[in-house]
Amino acid sequence: IKPLKLKSEKVPAKKLLADYDCVAHVLVDTGVFHLSQPYSYLVPREFQDSLQAGMLVKVPFGRTSTEGVVLTRDSTTSIAGLKFIEDQVSFNPIITPSQGELFEQCAQRYGCSMWDIFRLAAPAFVKSIDQKFSQKASFSMSRTSSQIRRLAIEPKQGESLAHEIASIISEFQPRKTLIVVPDEKTLRKFVGSGFTMLSGESTKSKRYLDYLQANLSDEGIYVGLRSSIFLSLTPGDLLIIVDESDPNYYERHTPTYNVRDVALIRSQSLSTVFLGYTHSLEI
């Protein structure tokens, strides 16, 4: 008979509350459609300086732990009954405040949760890339455009797509431009143009790095596929959709969004150009 051994109990370390903005409102991956609203959690003091809006965190939910994205932090919410955030997963914002507003609009439009939109908009998290990435996030929401325009333009015969779009950008003079194309074949037409391409054929790490660089920058010209329609843009930026009627713009998984539809939602706050030979009546 083996000798009996006492079972040691581990007492969890007591967490101290942050000195300021001690409550974080978090978009939680609940896995349940009707529990899609943000939940409030206490911010531990160890994360009070590093935790920003848009960052991934690990939070308790029910009897388990799950991922969440911090939407805002404040000190006005009552802390009674709130649980602490368990861990800070990312140290770079995955989404910006303008994206949070867009996700909410799309969730209402398609009858889904904001998390459903988030998982389609952002590529898979890569810890090694997040640790090395050092670009400072720019969340300027104050930029305004003197005139928000929505145009449908037919390409000129014989002119390259990259040159055509360069002319459009020159006319609008935006700080940041997002060009959405239907497939990799069209994307490759921009090789050598000087634009930053967000390819779906890149490795997991490269896709996440490209996303962070494009999403957190407030200037530059970026070309991407269907999911890039959710990339962070603010008033004064330009959105260009190439060949809006292409079937590749339809997402076949829940929430089955369409790029043209999301572009029309975004066109309420930023200039949008539809470049192609066939245009919808909404334009």
Side-chain angles (χ1 to χ4, degrees), residues 5-104 107 112-141 204-205 208-209 211-212 215-216 232:
K5 292 183 179 180
L6 293 176
K7 183 179 180 181
S8 62
E9 294 185 358
K10 293 183 179 180
V11 179
K14 185 177 180 181
K15 292 188 177 182
L16 300 177
L17 189 63
D19 296 326
Y20 58 90
D21 292 340
C22 57
V23 177
H25 303 286
V26 181
L27 175 63
V28 179
D29 180 15
T30 65
V32 183
F33 171 74
H34 65 277
L35 299 179
S36 59
Q37 72 277 12
Y39 289 84
S40 298
Y41 290 89
L42 300 178
V43 179
R45 186 176 295 174
E46 60 182 307
F47 303 141
Q48 67 178 6
D49 296 326
S50 60
L51 188 62
Q52 302 177 28
M55 292 182 175
L56 279 176
V57 290
K58 183 179 179 182
V59 295
F61 190 81
R63 297 182 179 180
T64 185
S65 297
T66 186
E67 282 190 338
V69 180
V70 177
L71 298 179
T72 58
R73 282 180 59 179
D74 65 48
S75 297
T76 60
T77 306
S78 172
I79 66 173
L82 299 183
K83 298 179 180 179
F84 274 97
I85 289 174
E86 293 180 348
D87 196 12
Q88 181 174 342
V89 178
S90 75
F91 289 84
N92 291 283
I94 308 299
I95 64 172
T96 67
S98 65
Q99 282 177 297
E101 295 177 3
L102 175 63
F103 292 175
E104 185 175 7
C112 63
S113 68
M114 288 178 62
W115 190 268
D116 288 332
I117 303 296
F118 167 74
R119 64 181 176 80
L120 291 173
F125 174 75
V126 181
K127 184 177 181 179
S128 60
I129 298 298
D130 182 78
Q131 292 174 337
K132 297 176 182 178
F133 190 77
S134 60
Q135 179 174 315
K136 187 177 180 180
S138 176
F139 289 162
S140 174
M141 298 290 289
K204 180 180 176 181
S205 296
Y208 186 67
L209 176 61
Y211 172 80
L212 285 180
N215 206 54
L216 300 181
S232 180

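Computed from heavy atoms alone, side chains included, the values below leave out hydrogens, waters and symmetry copies. Because the structure is predicted, anything quoted here is derived from the model rather than measured.
Legend: residues meeting side chain to side chain donor-acceptor pair (under 3.5 Å) with Ser90, ordered by chain and number and at least two apart, are absent. Partners of Ser50 according to the side chain to side chain donor-acceptor pair (under 3.5 Å) rule, which considers only residues two or more places apart in sequence or in another chain, are Gln88. Under the rule for a side chain to side chain donor-acceptor pair (under 3.5 Å), Ser36 has no partner lying at least two apart in sequence or in another chain.
When every heavy atom of Ala121 is checked against every heavy atom of Tyr211, the shortest pair comes out as O-CE1, 3.6 Å. Across Arg45 and Leu17, no two heavy atoms sit closer than the pair NE-O, 3.3 Å. Minimum heavy-atom separation, Ala24 to Val70: CB-CG1, 4.2 Å. Heavy atoms only, all atoms of each residue included: Ile94 and Phe125 are closest at CD1-CD1, 4.4 Å. Residues Pro93 and Leu212 come closest through the heavy atom pair O-CD2, 3.8 Å. Taking each heavy atom of Val23 and Ser40 in turn, the nearest pair found is CG1-CB, 3.9 Å.
For the ring-ring contact (aromatic ring centres under 6.0 Å, His included) condition, no pair includes a residue of residues 62-95, sequence neighbours left out. The list of side-chain hydrogen bond (donor to acceptor under 3.5 Å, both in side chains) pairs with a residue in residues 123-132, not counting sequence neighbours, reads Asn92-Asp130. Each ring-ring contact (aromatic ring centres under 6.0 Å, His included) pair with one or both residues in residues 37-60, not counting sequence neighbours, appears once here: Tyr39-Phe61.
Inter-residue side-chain proximity for Thr66 and Thr30 is flagged as unmet; no heavy-atom pair is nearer than 4.5 Å. In this structure, the side chains of Pro60 and Glu86 come closer than 4.5 Å at one or more pairs of heavy atoms. In this structure, the side chains of Lys15 and Leu42 stay at 4.5 Å or more apart for every pair of heavy atoms. Looking at Ser232 and Leu216, their side chains never come closer than 4.5 Å, going by heavy atoms from C-beta outward. Using a 4.5 Å cut-off on side-chain heavy atoms (C-beta onward), Phe103 and Leu120 make no contact. Side chains of Thr77 and His25 form a contact here, defined as non-hydrogen atoms less than 4.5 Å apart.
In terms of modelled atom types and a separation under 3.5 Å, the side chain of Arg119 and the main chain of Asp29 share no donor-acceptor contact.
For the atom pair CD (Gln37) and CE (Met114), the distance works out to 11.5 Å, reported to the nearest 0.5 Å. Between Ile95 atom CD1 and Glu101 atom CD the span is 10.5 Å, to the nearest 0.5 Å. To the nearest 0.5 Å, atom OG of residue Ser65 and atom NZ of residue Lys83 are 9.0 Å apart. Considering CD of Glu67 and CG of Asp87, their distance stands at 11.0 Å, rounded to 0.5 Å.
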